[in-house]
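Accompanying notes for the structure given below.
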Amino acid sequence: MLLKKVTLEDIRSYRKATISFPEGSVLLSGDIGSGKSSILLAIEFALFGSTAGSRTGQTLLRNGAKRGSVELTFSIGKKDYTIRRTLRRGRERIGQEPGHLVEDGVLHELTPQELRSRVLGLLNYPQELLKKKSLLFRYTVYTPQEEMRAIIRESPEERLDILRKVFGIDRYKRIVENCAAVKEEQRGSQRQYEGESAGLEERERSRKETAATRARKEALHAEVRHRHDILARTLAERRQAVLERERAVEEYRSWENEAKVLAIRLADRQDQLEEKGRQSTELRAALARDEKELSLLETGGMALEAIEDLIEALAGRIHSHEAARRAAAEKVMFLEAQVGEAPALAAAREELTERMAAKEKELRRAEEGIAAADKEATGLEAAREELARSERKMVQYQATVERAQEVVADFSSLELCPRCRQPVDDTHKGHILAEEERLIRENKGRLEEERVRAAGIKARLDDAQGARDRAQVMRTQASVLQAELDGLARRKGDLAAQAEKVERYVNDLEAAKREQQQLAAVDLGALRKERTDLDLRRQELLRSRELRRSIDERKSALATFIAEQERLAAESEGIARQAQAIRERLAREGSRSAAHTTAKAAYERALAEEKACAIQNAEAGKEVEAICERLRELDAEIATLREAREKAAKAAGIAHWIDAFFVPFVQSVERQILYSVHREFNELFSQWFSMLIEDDALQVRLDDTFTPTVEQDGYETDSENLSGGERTALALAYRLALNRVINDLTDIRTKDLLILDEPTDGFSSAQLDRMRDVLDELRTRQVLIVSHETKIESFVERIIRVTKDGHESSAAAG
């Protein structure tokens, strides 16, 4: 991850500021309390927001402001991302509002928790940090100054817990703790299941006794069921006999009913014959009337198809003349309106010519102004480069003065040489002091001269920039004028084309009026009367066609009625013969009810015996079913008790496996990982410390709990006995080693970024010089250093100066 820029609005001492971050080593320089660390806290807030219970909002939102925001742009690989978070002051607390993340040009509106989750995913941080303080960021990228020495001062147990979380191996400790809980849970489950399976043997004895009882009851039930089957067969035979007698009686009755139905059908056919005769008479009368009317209509003349063709031709001629008249009238009206616009078009063309002349004058004046402004802005880039060179010289002169002043301060009170422990000669001391005073005077004079020169360059730069801005404004005005002039030219061309059309419309108008007069001379009234006469004759021919079709239909219907009369007469004769045959059969058969009564009495006696046996059979079946139900209940209880006993054995096995195999394996894995981390961590820690403290008698290492151990002349000593600069070097070396180990052993995507907050607190001048070697050794693509030490300016690539005026901070590239 690389930082691009951050924008602060009402964040701590910043009202509104945008800070851009280049690659390489960058120094946030400024006095103590100017607002340098506020920028780093805002960056951390933009990425991770504030966690539950923290006071991030109270510490970040500017006093008196109702709302504040941080917008951070950063890159991962070749992709840029922009994240924005907002703070709002409520009645009782300061809370976060929904923010957004811009990815691939797409804006995603997200809640604070969703933003944190997306950032953790982008940085490849564990999602388990979603509701926790981001330890990985604090120990790999940015550690606030007040927390630099915190991990060293922690107890060994707390330090190990922190490192477990940072390296992601605290899960092994949680696994062991969870295993203890799972083992105890399995022991409890074992005791519970053993208690639940206590009555298994008793249930098995009860089932054996119940099964014997079921065998006896099933034998008795089989005997009763056999007797019931015999009675059921007898009952079925007698029911069959009754049914046969009933069918004979029913057949006799059906013959009687059939005789009645045939009599009704015969009377119906007679009625239908009379109706058909009446309808035939009416149809013959209507047929005679239609034939008479048809003979009157068919008196000769043209055929229907020829008349319809004439009507269609007349209608076409009438419609064509009417359409031509309307078209001619509309064309005359249109041409008269177009010809009437000629004066207005001439006036518009004259007005456009005048406006185009005025615009061309304005455009020439704008082009002359652009040329003058461009000439004035010449040399802008050269002035900027000259100013940058001047500022670099001033930094070099200032650093030389400060180094010489430090030498003067050191030598003024120096009595013994720090190396050979011999007294320092006054002549030698005076020679060195005089040389350093000369360097101070010369560089201060050069510094002042360079400041005056830089002020002049800035004045020229401001004038050139103003000229360039004016030229840009005038270019914009010229573009607008050219666009307006082009539009006027197009409008003038349109008006000329319209004028040419009007001249053509004058000739077209005369021709249209002559055509309108010719069309008005045609007599449409005669054509319409001729069409009306043809319509009347067409109606007469259509009526004769309908009469002819009606005559044909009535002749067909009359033939149908005659055929129906003949069919009805034949059916009447057949029905009369069937009725006579049925009356003769009824006379022969006589009564069949006596045999039916005897068979029914025998059936009812068999039915009573079968019902009594069925009741006895049902009772025996219910007893057997009750015993079977009890057996099913016992089987279910026995299965449950056996399952509980199996679960008890399984729980005991799981508890033994956790205690004897799994926990020792997890602890072994954790020890192996911690050993690997400790080895690399210890080497890097010793290396960084030796770079910052060039004292062979002072060595550091890590013990098994990752606690820094200090040895001086081969003897252990407490870190509190070290000087302030040595303690800072100890904490910084620990921090840099921790950063390198985490980056080497994890896949997080913040390896290209390192932020150091006042890393040289208490450093001597010599230690500050060694800090240059440390920065070169880091080989990190982007390093942000917050410091008020001016000496660091000489060995970083970029400087961002932070100043504070009253209660408001600002930042600008130095």
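This one's a predicted model, so the numbers in the text were calculated from it and none came from an experiment. Nothing fancy with the numbering, it's 1 onward along the sequence.
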**OP:** Give the ring-plane orientation class for Trp657 versus Phe662, where under 30° counts as parallel, over 60° as perpendicular and anything between as tilted.
**Re:** parallel
Original post:
Crowded around Asp718 CG? As in, over 12 foreign heavy atoms under 6.0 Å?
Top reply: yes
Original post:
Do side-chain atoms of Ser764 reach the backbone of Gln767 as a donor and acceptor pair under 3.5 angstrom?
Top reply: yes
Original post:
Taking everything shown except Lys804 itself, do over 12 heavy atoms lie less than 6.0 Å from its NZ?
Top reply: yes
**OP:** Using a 4.5 Å cut-off on heavy atoms from C-beta on, say whether the side chain of Phe763 contacts that of Glu789.
**Re:** no
Subject >> Distance-only side-chain donor-acceptor flag, Thr709 / Glu716, under 3.5 Å >> reply: no
Subject >> Side-chain heavy-atom pair Val663, Asp659 within 4.5 angstrom cut-off >> reply: no
Original post:
How would you list all residue pairs meeting ring pair (Phe, Tyr, Trp, His ring centres under 6.0 Å) that involve residues 781-813, not counting sequence neighbours?
Top reply: none
Original post:
Looking at Asn739, Leu754, Asp773, which hits side chain to side chain contact (heavy atoms under 4.5 Å, CB included) with Leu778?
Top reply: Leu754
Original post:
Do other residues, nucleotides or ligands put more than 12 heavy atoms under 6.0 Å from Asp703 CG?
Top reply: yes
Subject >> Backbone N/O of Arg62 and side chain of Arg12: donor-acceptor pair under 3.5 Å >> reply: no
Original post:
Counting N and O atoms only, with roles assigned by atom type, does the side chain of Ser117 sit under 3.5 Å from a partner on the main chain of Gln113, one being a donor and the other an acceptor?
Top reply: no
Original post:
In this structure, are over 12 heavy atoms from other groups packed under 6.0 Å from Arg88 atom CZ?
Top reply: no
**OP:** Report the relative orientation of the aromatic rings in Tyr125 and Phe48; use parallel for angles under 30°, tilted for 30 to 60°, perpendicular for over 60°.
**Re:** parallel
**OP:** Would you mind reporting whether Val666 and Cys179 have side-chain heavy atoms less than 4.5 Å apart?
**Re:** no
Original post:
Considering only heavy atoms from C-beta outward, does the side chain of Tyr142 approach that of Leu784 to under 4.5 Å?
Top reply: no
**OP:** Would you check if the side chain of Thr86 reaches a backbone N or O of Ser69 as a donor-acceptor pair within less than 3.5 Å?
**Re:** no
**OP:** Could you tell me which non-hydrogen atom of Ile94 sits nearest to which non-hydrogen atom of Gln58, and how far apart they are?
**Re:** CD1-CA, 3.9 Å
Original post:
Does any non-hydrogen side-chain atom of Met1 lie less than 4.5 Å from one of Leu47?
Top reply: yes
**OP:** Begin from the C-alpha positions of Lys79 and Asp104 and carry the test salt bridge (charged side-chain N to carboxylate O under 4.0 Å, His left out) through to its verdict.
**Re:** CA-CA 7 Å; Lys79 293 178 65 175; Asp104 292 330; 3.2 Å; yes
Subject >> Over 12 foreign heavy atoms within 6.0 Å of NE2, His656 >> reply: no
**OP:** Would you check if the side chain of Asn124 reaches a backbone N or O of Asp747 as a donor-acceptor pair within less than 3.5 Å?
**Re:** yes
Original post:
Given side chains that start at C-beta, do those of Leu722 and Arg727 come closer than 4.5 Å, heavy atoms only?
Top reply: yes
Original post:
Should Glu777 and Arg779 count as an ion pair when the cut-off is N to O under 4.0 Å?
Top reply: yes
Original post:
Between the side chains of Thr790 and Glu402, is a donor N or O closer than 3.5 angstrom to an acceptor N or O?
Top reply: yes
Original post:
How long is the gap from CD1 on Ile658 to CD1 on Ile175, to the nearest 0.5 Å?
Top reply: 12.0 Å
Subject >> Close side-chain approach of Ile83 to Arg118, heavy-atom, < 4.5 Å >> reply: no
Original post:
Do you know which two heavy atoms are closest between Arg798 and Pro22, and how far apart they sit?
Top reply: CG-CG, 3.5 Å
Original post:
With a 3.5 Å cut-off and no angle check, do the side chains of Thr803 and Ser810 form a donor-acceptor pair?
Top reply: yes
Original post:
Quick check: does any side chain N or O of Lys36 sit under 3.5 Å from a backbone N or O of Gly30, one acting as donor and the other as acceptor?
Top reply: yes
Original post:
Strictly by modelled atom types, are Lys5 and Thr18 linked by a side-chain donor-acceptor pair under 3.5 Å?
Top reply: no
Original post:
What residues form a side-chain contact (heavy atoms from CB on, under 4.5 Å) with Asp776, not counting sequence neighbours?
Top reply: Arg772
Original post:
Under 4.5 Å between any side-chain heavy atoms of Val102 and Thr73, yes or no?
Top reply: no
Original post:
Has the side chain of Tyr14 got a donor or acceptor atom that lies under 3.5 Å from a matching backbone atom of Gly35?
Top reply: yes
Original post:
Below 4.0 angstrom, N of the basic side chain to O of the carboxylate: do Lys791 and Asp769 qualify?
Top reply: yes
Original post:
What distance separates Ser25 OG from Leu775 CG, expressed to the nearest 0.5 Å?
Top reply: 6.5 Å
**OP:** List the atom of Arg89, the atom of Gly64, and the distance in Å for their closest heavy-atom pair.
**Re:** NH2-N, 3.7 Å
**OP:** Measure from the side-chain N and O atoms of Arg749 to the backbone N and O of Leu122, and report whether any donor-acceptor pair falls under 3.5 Å.
**Re:** yes
Original post:
When the aromatic ring centroids of Tyr734 and Phe681 are compared, is their separation below 6.0 Å?
Top reply: yes
Original post:
Around Asp805, counting heavy atoms of other residues, nucleotides and ligands shown, do more than 12 lie under 6.0 Å from its CG?
Top reply: no
**OP:** State the CG-CG distance between Leu736 and Leu756, to the nearest 0.5 angstrom.
**Re:** 6.0 Å
Original post:
Among side-chain atoms of Asp761 and Thr728, is any donor-acceptor pair under 3.5 angstrom?
Top reply: no
Original post:
Does any N or O in the side chain of Arg85 come within less than 3.5 Å of the main-chain N or O of Gln96, such that one atom is a donor and the other an acceptor?
Top reply: no
Subject >> Ion pair Arg84/Glu97, N-O distance below 4.0 Å >> reply: no
Original post:
Has the side chain of Thr400 got a donor or acceptor atom that lies under 3.5 Å from a matching backbone atom of Gln396?
Top reply: yes
